[in-house]
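In what follows, a single structure is set out as structure tokens and then discussed.
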Amino acid sequence: MEIFKIVITGNVGAGKTTLIRTISEIDVVDTDRHATDETADLKANTTVAFDFGRITLNSEQLLYLYGTPGQSRFDFMWDILINQSQAYVLLVAAHRPKDFRGAKRILNFMNRKGDIPMIIGMTHTDCEGAWEADDVLLALGFADRETSPPLVQVNPEDPRSIAQCLVVLLEQLVTTAAA
Amino acid sequence: MGIRGSLETFSLPELFQIIGSGQKSGRLRFTPHTKLDDPQNKTTFELWFKRGFFVTIINSNQYQDLIAKIQEKAWIDAMVLVKNKYLCPADKPFGTYLKENNLLTEAQREWLFDQQISQVYKLFKIKDGSFNFEEIDQSNKIASDGEGFPVREMTGKKRKITELSLAAMRNLSDWSRFVEDIPRAEMGLQQVAKGYDIHLTSLEKHLWSSANGSISLKKLAQQKEVDLQTLQRTALSMIFAGLVEEMTVVSPAEQFISNSSGELRPAFANGSNTAIKSKAKPKASKSLISNLVSFLKDNF
């Protein structure tokens, strides 16, 4: 059995669990628990270990999706998951600039732990106060659009939008491998 | 479109970093929120940037501040000053024009610019306020109101945002609003700028030279015999200035990873932020990737 593993990471409330639930063929195995810290301001429950989703391509090939916890105190889980995976998507909520530094921290962590292809998935782009893609990239430390990772807008509730995002990630993987 | 928000969601040094790293030109309107929120007492500051450099600041309560300061100092006769205000070309900073006409010395122009810089430092101390950054368009105007660079308030001097932000952070005494941003003691630093061409303090230089991701801030503080909190704050200032970034510490032993020929090579060869691979990942076959792309395109 051949399995391709993708990590979906990002801050609390960026849309990781929703994305995996939307596209997974199985009921997502989640480890959500009632939020008792500042996360409770954003959502009632939060992921404390990881979310797991699956897509079966054929009898021999599978796609596994792992959603990381958003809070940095669970970074040991980020470590475990990124070491198991072949690519990752960093979800960033465009309307929540307060979280951009946190997203940058996750990005630094992931890039340090695993030299694997990645893209940025920008969510909540239709919300009030959403930032432009170029400014989000600058906030994440990418001053040069030419050398920054691909950034795509993604709606975590829309399977088609997620599929397009994952295709861009796979294309990035092919490009990286060719280079 | 611009960047709009409040200090609750995005801090001034972070905003400065974006304007600087994006080499943006435009106007940052900043309105501090007073506790009483008295509309009579509402001051708005306009900070102007040109290709990532700070060029001037205007306080809405101080009309013609540059001219007022020159008059205060009695450096130029009032009548001569007013006459030259109208003679100055619309695209030339007033300070430059006065200097070119030998009405202002370089030291005086420098002093005027320093006064503007000190106003920016004060803004960094404000805890609550709203901002709106709008970029200059191709015709050198702000699209929303057609305003151009305020040349009458410009000395003609400019300051690199990195330098301005770092100096403003050094002057900060209350760090309470940056609590969540302060890098943790077990984190390390990694250089993200190619180098620096601004003045750094001795501690900043030490942090810069140690920023290779192999030593924690806690150990650095012990080595340098500096209070950990001071070191963490300095690190954050340098992060905001775009010089370094916080990183998970990787031990020196881990910095050598095996390549395919079995040789050991440093992970940070060429100064690049090469990732540390703790184990080799299974490679996906071409067939898997191709099938996956087709599946995603055909089934959703």
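The shown structure was predicted, so the numbers you read here are calculated from the model rather than taken from an experiment. Lettering follows sequence order; numbering is per chain, from 1.
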* Measuring heavy-atom distances to chain B, does Leu137(A) have an atom under 4.5 Å in its side chain, in its backbone, in both, or in neither? -> neither
* So does Arg4(B) have more than 12 non-hydrogen atoms from other groups sitting under 6.0 Å from CZ? -> no
* To do: Pick whichever of Ile18(B), Leu288(B), Leu15(B) has the most heavy-atom pairs under 4.5 Å with chain A.
  => Leu288(B)
* To do: Sort Gln17(B) into side chain, backbone, both or neither according to what part of it lies under 4.5 angstrom from a heavy atom of chain A.
  => side chain
* Please flag which part of Gln23(B) lies under 4.5 Å from any non-hydrogen atom of chain A: side chain, backbone, both or neither. => neither
* chain A heavy atoms under 4.5 Å from Ser285(B): which part of the residue, side chain, backbone, both or neither? -> both
* Asked: Just wondering, are more than 12 heavy atoms of other shown residues or ligands nearer than 6.0 Å to CD in Glu186(B)?
  -> yes
* Tell me, for Ile23(A) versus chain B, whether the close heavy atoms (under 4.5 Å) come from the side chain, the backbone, both or neither. => both
* To do: May I ask you to name which of Ile162(A), Leu173(A), Leu170(A) has the most heavy-atom pairs under 4.5 Å with chain B?
  => Leu170(A)
* **Side-chain donor-acceptor pair present, Glu2(A), Gln61(A), cut-off under 3.5 Å** => yes
* To do: Side chain from CB out, backbone as N, CA, C, O: work out which of these in Lys286(B) comes under 4.5 Å of a heavy atom of chain A, or both, or neither.
  => neither
* Charged N to carboxylate O below 4.0 Å: is that the case for Lys16(A) and Asp51(A)? -> no
* To do: Counting only heavy atoms closer than 4.5 Å, note whether Ser287(B) contacts chain A via side chain, backbone, both or neither.
  => both
* To do: Scan side-chain atoms only and decide if Ser130(B) and Ser6(B) contain a donor-acceptor pair under the 3.5 Å cut-off.
  => no
* Can you tell me how far CZ of Arg51(B) sits from CD1 of Ile19(B), rounded to the nearest 0.5 angstrom? -> 15.5 Å
* Option that, when pairs with chain A are counted at under 4.5 Å, heavy atom only, ranks first among Leu292(B), Asn291(B), Ile289(B), Asp181(B) -> Leu292(B)
* Should the heavy atoms of other residues, nucleotides or ligands under 6.0 Å from CG of Asp298(B) be counted, would the total exceed 12? -> yes
